[in-house]
Amino acid sequence: MPSRHSTLLADAARRLAEAGVESPRVDAELLLAHVTGRTRAGLITLDELDAGAAARFAALLDQRADRVPLQHLTGRAAFRHLELAVGPGVFVPRPETEQLVEWALASLAGVPEPVVVDLGTGSGAIALSIAHEHPGARVTAVERDPDAIEWTRLNAASRAAAGDRPVEVLAGDMTDPLLLRALDGGVDLVVSNPPYVPDGALVPREVADHDPPMALWGGPDGLDVVRGLLGTAARLLRPGGGLGIEHADLQGTALPALVRAHGGWDDVADHPDLAGRPRFTTARRARGGAGGD
Ligand code: GLN
């Protein structure tokens, strides 16, 4: 703990706690690190806080207390090995989605140049992580929201500039029967963190007021978009190709049931996140070709 600034940080953390912020101390430290250009650990050797930095810190605290997401204030979100640019207009990637990427990479192990499609990519977190961690992967990232896709493009360009194989960014709707027709039957993996929050569910203010509604809400049971996604995935995947879909913790039975009912899928399974909550469903496109659409 940085002794010189312990009072400043303690006051800041108390203020954020009173405002209902979930991790007040960490957020206060990350904001102070942001304004001083340091890492959180680097705060320990921080001496003087000049007037400009103090004023910037105070202004950011005001916004955080007003429940603006921390990542919008720093402009960055950490996801696996990447730091992505985020801000108004794009869904902030969550740590629980990292496990879905872990599964995706494991399923692609040994495939030298897999064709991968990320449906509803937002910041590009899943697509860009796969491209970064599987250098042979040919990844296409699809996003329908014209505001969000600006962030996808920004992040894709900076990862390509950093040397990752470029991800193709495509404006499109994951439920569109014509989406990516040229890839029909040739895709090795379809992965998605679709909008799945049931309409009317209670979400934190950071989410309700700052994540794009289009990235969150999935109809009465949260699975409206997923229903459309299944048809697209079935069409795109080669026999034996993999599907991974994130879901809400209350959908760990409903989503696998939906996939089974759709037909044309083998090995339907559900997986927990690191907190042990049901988090994503996986399946393989049937090799027999029966069922599905
Ligand atoms: N997990 C997100 C949340 O808690 C929702 C993500 C989504 O709908 N894809 O807000």
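This is a predicted model, so every value here is computed, not measured. Counting starts at 1 for both ligands and their atoms, following the listed order. FYI, the numbering just counts along the sequence from 1.
- Looking only at protein heavy atoms, the nearest one to atom 1 (N) of ligand 1 is Y196 OH, 2.8 Å.
- A donor atom on one side chain and an acceptor atom on the other are found under 3.5 Å apart for Y196 and E246.
- The proximity of A248 to ligand 1, defined as any non-hydrogen pair under 4.0 Å, does not occur for either the backbone or the side chain.
- Using a 4.0 Å cut-off between charged side-chain N and carboxylate O, D176 and R181 make no salt bridge.
- The protein non-hydrogen atom at the shortest distance from atom 3 (C) of ligand 1 is R94 NH2, 3.5 Å.
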Show your reasoning for whether ring pair (Phe, Tyr, Trp, His ring centres under 6.0 Å) applies to F280 and H271. CA-CA 5 Å; F280 62 99; H271 309 257; 4.6 Å; yes
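- Residue F91 has no nitrogen or oxygen atom sitting less than 3.5 Å from a nitrogen or oxygen atom of ligand 1, judged on distance alone.
- Less than 4.0 angstrom separates some heavy atom of A215 from each of these atoms of ligand 1: 7 (C), 8 (O), 9 (N).
- For ligand 1, the atoms lying closer than 4.0 Å to a non-hydrogen atom of P194 are 7 (C), 8 (O), 9 (N).
- We find that D27 and R64 are joined by a salt bridge, their nearest charged nitrogen and carboxylate oxygen being less than 4.0 Å apart.
- Annotation for ligand 1: atoms under 4.0 Å from non-hydrogen atoms of V197 are 5 (C), 8 (O).
- Here is the list of ligand 1 atoms found below 4.0 Å of a heavy atom in V207: 10 (O).
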I would like to know whether T45 and R38 meet side-chain hydrogen bond (donor to acceptor under 3.5 Å, both in side chains); could you show each step before the answer? CA-CA 10 Å; T45 56; R38 289 166 180 255; 3.0 Å; yes
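- Judged purely by atom type and a 3.5 angstrom limit, D66 has no side-chain atom pairing as donor or acceptor with the backbone of V68.
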